[in-house]
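Predicted, not measured: the structure shown is a model, and the values here were computed from it.
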2 protein chains.
Amino acid sequence: MAGKRNDADKDVIAGDSPPSSRVALSRDRILDAAISFIDEQGLPGLTMRRLGERLDVEAMSLYRYVGGREELLDGVVARVIDEMHDDDDVISVPTDGWQDFLQRLAHGVRRVALSHPKVFPLVASRPAEAPWLRPPLRSLDWVEMFLNGLSEEGFDDDKSVGAYRAFTSFLLGHLLLEVAVHGADVGPLDVLDEATEPEQDELRPHPNVRKLRSALSEDHSAIEFEESLEELLNRIAMMSSAKTP
Amino acid sequence: MAGKRNDADKDVIAGDSPPSSRVALSRDRILDAAISFIDEQGLPGLTMRRLGERLDVEAMSLYRYVGGREELLDGVVARVIDEMHDDDDVISVPTDGWQDFLQRLAHGVRRVALSHPKVFPLVASRPAEAPWLRPPLRSLDWVEMFLNGLSEEGFDDDKSVGAYRAFTSFLLGHLLLEVAVHGADVGPLDVLDEATEPEQDELRPHPNVRKLRSALSEDHSAIEFEESLEELLNRIAMMSSAKTP
DNA sequence: ACCTGAACACCGTTCAAGT
DNA sequence: ACCTGAACACCGTTCAAGT
C-alpha cells in the first residue's frame, strides 16, 4: 500500500552540492541500515545518532520516518521475518502435505535466525502486539499462512491452534539457543573479551560439568533441529482435535 | 563462600544521623532491589540512578558493589534462578526416578519464571558465559545437579548431554512464550497503552487469524506445559545413548 | 571504609529554524 | 518537503573529595 522503493529518480546528483548527502532517506533504507548495524555491532551499539551517522544524516532526520527508537526496533523485527518472502523454499500453501509445508516453514525461520543471529533475540523477546502473534512468527501474514495451510490440509480449528502453539514454542526454544551459541547478545556493548569462561577453580566443585564440558560444547544444532522437528511433526499428527473440556 | 547476610548488627541506628541513610548497602541488597524494580517497572525503567534512589543512595555508590550495569544484570539473572534453592519441591538428587527428578526441576524453573515474568527474558537472552550454561539453567550449580542426577540414574554421558539440550530448549521455548503472554517486555518504557491490538482493518485480509483470534488468545499454558513436558520425558527415555557418527 | 559532588561523554527526543 | 542546530532531560561511569 504505502509506496515502496521508487522516488529516487528526480534530479539525481544535480552536480553542485557536495557528494555528501547521497540518495534520499526512506523508512526502508533506515530499517536496512539498522539491521546491518545490529548484525555487525550488536543491538546495544545501535543508537539513533550512530544510525544517522551511518546514513550520512543527523539523528534528528530519522524521526521523520520512524517515530522513535522503539518503533525502529519493531520495524526491524517485522522486516527481518519478512525476508522469508524471498525464500523460495518456503511455500505459502501446502503442495506435498502439511508435514512438508511445516518443514519448509521451520527451515525458513531457522535460516533468517541464523543469518541475523544478533537480531533474533529481538524477534524472540520484543513485546507481542497480540496474543495470536507469538514469536518467532511475528507477522500476521505468516500466521495467516500457517493457519490457512493447515486448514486446507484438513486440520480443524482446535488442531490448527494447537499446532501453532507447539510449532512456535519449538522454534523459539531451539533457535534462540542456537543463535546464542553462534554469539548473540542483547546486553553488553563490548564485542570483545569473549565471555570470560569459568575456569578450573569454578569447575572444581562441579565434576559432572567438568567431565562433560567438551561434549556440552559441541554444536549439534543442525541435526538436533532436524530430529526434534521430526518429532514435533509426529506429535502434531497425533494431536486430538478436541480439547475435551 | 562470600559472606552472605550478616553484618548489619553493629551500632544500629546510632541515633543522631538523620533517619535517611538506612541499613548498610550491600551487593545482596542491591540485587534484591534491582529484581523488585524490574518486577514492578520493567527492565527498561531500571537505571543506575533510579536504583540508587530506591536505596536512598546516590547512583555512584552502587559501583562499589556491582561494577556496572551489565554486571548488575548478570547478578540479577544469577540470583533469580538461585531462588530455586528455596523451593522444597525441587530436589537435588533423584529419589523417585529421573522422570520425577526432571519433572520437579522443570516446575521449579517455571515457578521462578512466572514469579518474575519481566526478568525471565533476561534469563533467556543474556549472553551465556559458556556453551555448557544454556538458558534458562544459567548456573553451574544447577547444571551440575542436572547431570549428576541423570548420571546417578544410569544415564551415560551422551544421553545426559542430549537430555540437557532437549530439556533446556523445551523450557526456554515454553516459558518465554508463557511470560510473554503474562506481559513481559524487554523493550519499551511504557507500562501502559496495552500493545495496540491490530483491529478489524488489519485482520480483514487475514480471515483465518480473524476466525481463530479468540481461540488463539486463550491461555492454556499450564496444561500445555504439562503435556509437552510429559512428551519430552518420553522422548528422553527413548534417546539412544550413542551418537553413531 | 563508605558515600557524594561535580564532571564527562553520550543518549533519545523536540522544535523552531534553515534550505 | 526535507534536513539541521541548538537545546532539554536523562543516561552510565570516573574520580577526587568529603565524612
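Ring-plane geometry between A:F225 and A:F170 is classed as tilted, the angle between the planes lying from 30 to 60 degrees on a 0 to 90 degree scale.
We find that OH of B:Y63 is positioned 15 Å from C1' of C:dG5, with the value rounded to whole Å. Distance CD (A:E58) to P (C:dG12): 14 Å, rounded to an integer number of Å. Taking atom CD on A:E71 and atom P on C:dT13, their separation rounds to 10 Å, with Å as the unit. Here C:dC11 presents its P atom at 15 Å from CZ of B:R49, a figure rounded to the nearest Å. Distance B:L46 CG to D:dC10 P: 17 Å, rounded to the nearest Å. Rounded to whole angstrom, the span from the CZ atom of B:R29 across to the P atom of C:dC2 amounts to 14 Å. Spacing between atom CG of B:L51 and atom P of D:dT13 amounts to 12 Å, rounded to whole angstrom units. The distance from atom CG of A:L73 to atom P of C:dG12 is 10 Å, rounded to the nearest whole Å.
With distances taken from any side-chain atom of A:V57 to the nucleotides D:dT13, C:dC3, D:dT4, the minimum falls on D:dT4. The A:M60 side chain lies nearest to D:dA6 when the options are C:dT4, D:dG12, D:dA6. Listed nucleotides: D:dG12, C:dT4, D:dT4. Nearest to the side chain of B:S61: C:dT4. Of the listed nucleotides (C:dC3, D:dC11, D:dC2), D:dC2 has the atom at the smallest distance from the side chain of A:Y65. The side chain of A:R69 approaches C:dT13 more closely than any other nucleotide in the set C:dT13, D:dC11, C:dT4.
Base pairing of D:dA1 is made with C:dT19, judged by Watson-Crick or G-U wobble geometry with both donor-acceptor distances under 3.5 Å. With a 3.5 Å ceiling on both atom-pair distances, the Watson-Crick or G-U wobble partner of D:dA6 is C:dT14.
When each of B:R64 and B:M48 is assigned the nucleotide of DNA chain D bearing its nearest heavy atom, the one mapping closer to the 5' terminus is B:M48.
The phosphate of C:dC10 has neither OP1 nor OP2 within less than 4.0 Å of any side-chain N or O from A:R50.
Using a 4.0 Å heavy-atom distance criterion, A:T47 is classed as a sugar-phosphate-only contact.
Note on A:R165 versus B:E218: no salt bridge recorded, every NZ/NE/NH1/NH2 to OD/OE distance being 4.0 Å or above.
Relative to the six-membered ring of B:F37, B:R50 misses at least one condition, a distance below 6.0 Å or an angle of at most 45° to the axis.
With a 4.5 Å cut-off on side-chain heavy atoms, B:H206 and A:V143 do not count as touching.
The shortest non-hydrogen separation linking A:A33 to A:L55 is CB-CD2, 3.8 Å.
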